[in-house]
**Student:** 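The structure under discussion is supplied below as structure tokens; questions concerning it will follow.
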Amino acid sequence: MTDSLGQQKPVNIKAQLQACRSKEETFKALVTLSKTLPRLSAEEKIEDNKIKGCESAVWLITTETNGVRHFKADSDAKLMRGVLVAILSLVEGKTLTDIQQMDLKTELAELNLASYLTSSRSNGVLAICSQLQRT
């Protein structure tokens with residue numbers, strides 16, 4: 001099931017990742033998810049859109065329409081692109097207030113990504129979450 005932007009619904013992504021029984025299955029699921037994330041153009045991959053603190057290069061663009069936030073993101077790392085799909089599925093189409101009230105760390109913990117979030121990658125994910133919750 002996808003939304004109007006072609007993104008998978010968070011329930012489906014959560015179920016898909018929770019169904020993985022091994023690190024290899026989770027890796028394959030993240031790679032599959034990474035293919036669903038539209039690539040950003042070179043014009044969008046500018047320093048202002050780049051998330052500081054990520055091990056991989058990650059770009060995030062936030063737009064707002066009628067109080068509802070929409071996100072575009074990309075990374076130079078395939079695995080991180082899959083993680084981005086999972087993260088964005090949690091916040092896409094919500095208001096800033098709704099996003100700020102979310103405990104994104106807990107939400108992400110439920111996606112069984114811990115084995116892929118090394119300390120440096122975890123710092124990057126925290127930087128992404130922080131950016132998502134900023135005004």
Side-chain angles (χ1 to χ4, degrees):
M1 177 185 294
T2 59
D3 66 16
S4 61
L5 297 175
Q7 295 177 331
Q8 293 187 45
K9 296 288 186 185
V11 173
N12 294 342
I13 291 173
K14 185 176 186 177
Q16 184 179 353
L17 291 171
Q18 288 179 334
C20 296
R21 297 289 170 228
S22 67
K23 190 172 181 177
E24 292 77 22
E25 280 185 33
T26 304
F27 179 82
K28 287 178 184 177
L30 288 171
V31 169
T32 299
L33 287 173
S34 75
K35 295 173 184 176
T36 68
L37 188 67
R39 302 308 302 242
L40 294 180
S41 68
E43 294 79 25
E44 293 172 311
K45 291 181 180 179
I46 58 173
E47 198 61 32
D48 284 349
N49 295 334
K50 197 168 187 181
I51 302 290
K52 313 302 185 261
C54 289
E55 184 177 296
S56 307
V58 174
W59 298 270
L60 177 69
I61 300 171
T62 304
T63 58
E64 192 169 311
T65 306
N66 299 322
V68 175
R69 293 215 151 181
H70 302 285
F71 303 96
K72 292 169 61 176
D74 202 351
S75 177
D76 62 352
K78 191 180 292 187
L79 184 67
M80 194 62 206
R81 286 174 48 76
V83 171
L84 281 167
V85 171
I87 294 170
L88 294 181
S89 75
L90 299 172
V91 297
E92 175 61 35
K94 296 186 182 320
T95 66
L96 176 59
T97 302
D98 289 341
I99 296 168
Q100 289 173 333
Q101 291 174 350
M102 293 175 76
D103 183 349
L104 289 174
K105 283 178 72 173
T106 299
E107 296 272 354
L108 288 171
E110 293 176 6
L111 299 178
N112 295 335
L113 301 178
S115 62
Y116 288 100
L117 300 182
T118 60
S119 61
S120 60
R121 202 171 267 141
S122 289
N123 290 337
V125 169
L126 291 176
I128 293 165
C129 291
S130 175
Q131 181 67 31
L132 290 168
Q133 294 180 313
R134 251 185 237 134
T135 55

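It should be emphasised that the depicted structure is a prediction, and the values quoted were computed from it without experimental measurement. In this chain, numbering begins with 1 at the start of the sequence shown.
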**Student:** With sequence neighbours left out, what residues match Lys50 under salt bridge (Lys or Arg N to Asp or Glu O under 4.0 Å)?
**Tutor:**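 Expected list: none.
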
**Student:** Output the distance between atom NZ (Lys78) and atom CZ (Phe27), rounded to the nearest 0.5 Å.
**Tutor:**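 That separation rounds to 7.5 Å.
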
**Student:** Counting N and O atoms only, with roles assigned by atom type, does the side chain of Thr36 sit under 3.5 Å from a partner on the main chain of Thr32, one being a donor and the other an acceptor?
**Tutor:**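 The answer is no, because no donor-acceptor pair under 3.5 Å joins these two groups.
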
**Student:** Treating Gln18 as the side-chain partner and Glu110 as the backbone partner, does any N or O pair qualify as donor plus acceptor under 3.5 Å?
**Tutor:**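 Such a contact is found between Gln18 side chain and Glu110 backbone.
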
**Student:** Please round to the nearest 0.5 Å and tell me the distance separating atom OG of Ser89 and atom CG of Leu111.
**Tutor:**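 Here the interatomic distance stands at 6.5 Å.
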
**Student:** Got a sec, which residues hit salt bridge (Lys or Arg N to Asp or Glu O under 4.0 Å) with Lys35, two or more places apart in sequence or on another chain?
**Tutor:**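 Result, salt bridge (Lys or Arg N to Asp or Glu O under 4.0 Å) vs Lys35: none returned.
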
**Student:** Quick one: pull up CG in Leu84 and CG in Leu60 and give me the separation to the nearest 0.5 Å.
**Tutor:**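 Those atoms lie 8.0 Å apart.
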
**Student:** Under a 4.5 Å side-chain heavy-atom rule over Ile, Leu, Val, Met, Phe, Trp and Tyr, are Leu40 and Val91 clustered together?
**Tutor:**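 The answer is no; the residues belong to distinct hydrophobic clusters.
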
**Student:** Any side-chain heavy atom of Leu108 sitting closer than 4.5 Å to one from Leu90?
**Tutor:**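 Sidechains of Leu90 and Leu108: in contact.
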
**Student:** Same cluster for Leu126 and Ile51 if Ile/Leu/Val/Met/Phe/Trp/Tyr side chains link at under 4.5 Å?
**Tutor:**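 Shared cluster, no.
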
**Student:** Counting distance only, does the side-chain N/O of Ser75 pair as donor-acceptor with the main-chain N or O of Ala57 below 3.5 Å?
**Tutor:**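 Confirmed, Ser75 side chain pairs with Ala57 backbone.
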
**Student:** Are Ile13 and Val85 side-chain neighbours, meaning at least one heavy-atom pair lies under 4.5 Å?
**Tutor:**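 Sidechains of Val85 and Ile13: in contact.
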
**Student:** Do you know the tightest heavy-atom contact between Ile99 and Gln133?
**Tutor:**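 Between these two residues, the closest heavy atoms are O-NE2, 2.8 Å.
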
**Student:** Hey, does the side chain of Asn49 reach the backbone of Ile61 with a donor-acceptor pair shorter than 3.5 angstrom?
**Tutor:**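 Such a contact is absent between Asn49 side chain and Ile61 backbone.
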
**Student:** Would Trp59 and Val83 show up in the same hydrophobic cluster when neighbours are defined by side-chain heavy atoms closer than 4.5 Å?
**Tutor:**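 Trp59 does not cluster with Val83.
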
**Student:** For the backbone of Val31 and the side chain of Ser34, can you confirm whether one donor and one acceptor N or O come within less than 3.5 Å of each other?
**Tutor:**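 At least one qualifying donor-acceptor pair exists.
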
**Student:** Count I, L, V, M, F, W, Y as connected when their side-chain heavy atoms are under 4.5 Å apart, and connections chain through other members. Are Met102 and Leu17 then in the same cluster?
**Tutor:**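 Looking at the clustering, Leu17 is in the same group as Met102.
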
**Student:** Check the pair Lys72 / Glu92 against salt bridge (charged side-chain N to carboxylate O under 4.0 Å, His left out), numbers first and verdict last.
**Tutor:** CA-CA 9 Å; Lys72 292 169 61 176; Glu92 175 61 35; over 6 Å; no

**Student:** Are Arg39 and Glu44 within salt-bridge range, i.e. N to O under 4.0 Å?
**Tutor:**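 No, no charged N to carboxylate O under 4.0 Å.
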
**Student:** Report the distance from atom OG of Ser56 to atom CZ of Arg81, rounding to the nearest 0.5 Å.
**Tutor:**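 Ser56 atom OG to Arg81 atom CZ measures 11.5 Å (nearest 0.5 Å).
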
**Student:** Could you tell me which residues satisfy salt bridge (Lys or Arg N to Asp or Glu O under 4.0 Å) with Glu64, sequence neighbours excluded, listed by chain and number?
**Tutor:**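 Glu64 satisfies salt bridge (Lys or Arg N to Asp or Glu O under 4.0 Å) with Arg69 once adjacent residues are dropped.
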
**Student:** Given side chains that start at C-beta, do those of Val58 and Met80 come closer than 4.5 Å, heavy atoms only?
**Tutor:**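 Of all side-chain heavy-atom pairs linking Met80 with Val58, at least one is under 4.5 Å.
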
**Student:** Do Leu33 and Leu37 touch side chain to side chain, with heavy atoms closer than 4.5 Å?
**Tutor:**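 They are not in contact (no side-chain heavy atoms under 4.5 Å apart), so the answer is no.
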
**Student:** Would you indicate whether the side-chain heavy atoms of Leu132 and Leu88 approach each other to under 4.5 Å?
**Tutor:**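 A side-chain contact under 4.5 Å exists here.
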
**Student:** Mark yes or no for whether Glu25, through its side chain, and Arg21, through its backbone, hold a donor-acceptor pair below 3.5 Å.
**Tutor:**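 Pair found, side chain donor or acceptor close to backbone of Arg21.
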
**Student:** Surrounding NZ of Lys45 (heavy atoms of other residues, nucleotides or ligands, distance under 6.0 Å), is the total greater than 12?
**Tutor:**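 More than 12 within 6.0 Å, yes.
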
**Student:** What distance separates Lys52 NZ from Ile128 CD1, expressed to the nearest 0.5 Å?
**Tutor:**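 Rounded to the nearest 0.5 Å, the NZ-CD1 separation comes out at 12.5 Å.
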
**Student:** Work out which heavy atom in Ala29 is nearest to a heavy atom in Cys20; give both atom names and the distance.
**Tutor:**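 Answer, listing the atom of Ala29 first, then Cys20: CB-SG, 3.8 Å.
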
**Student:** How many angstroms lie between atom OG1 of Thr95 and atom CD of Gln101, to the nearest 0.5 angstrom?
**Tutor:**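 Rounded to the nearest 0.5 Å, the OG1-CD separation comes out at 7.5 Å.
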
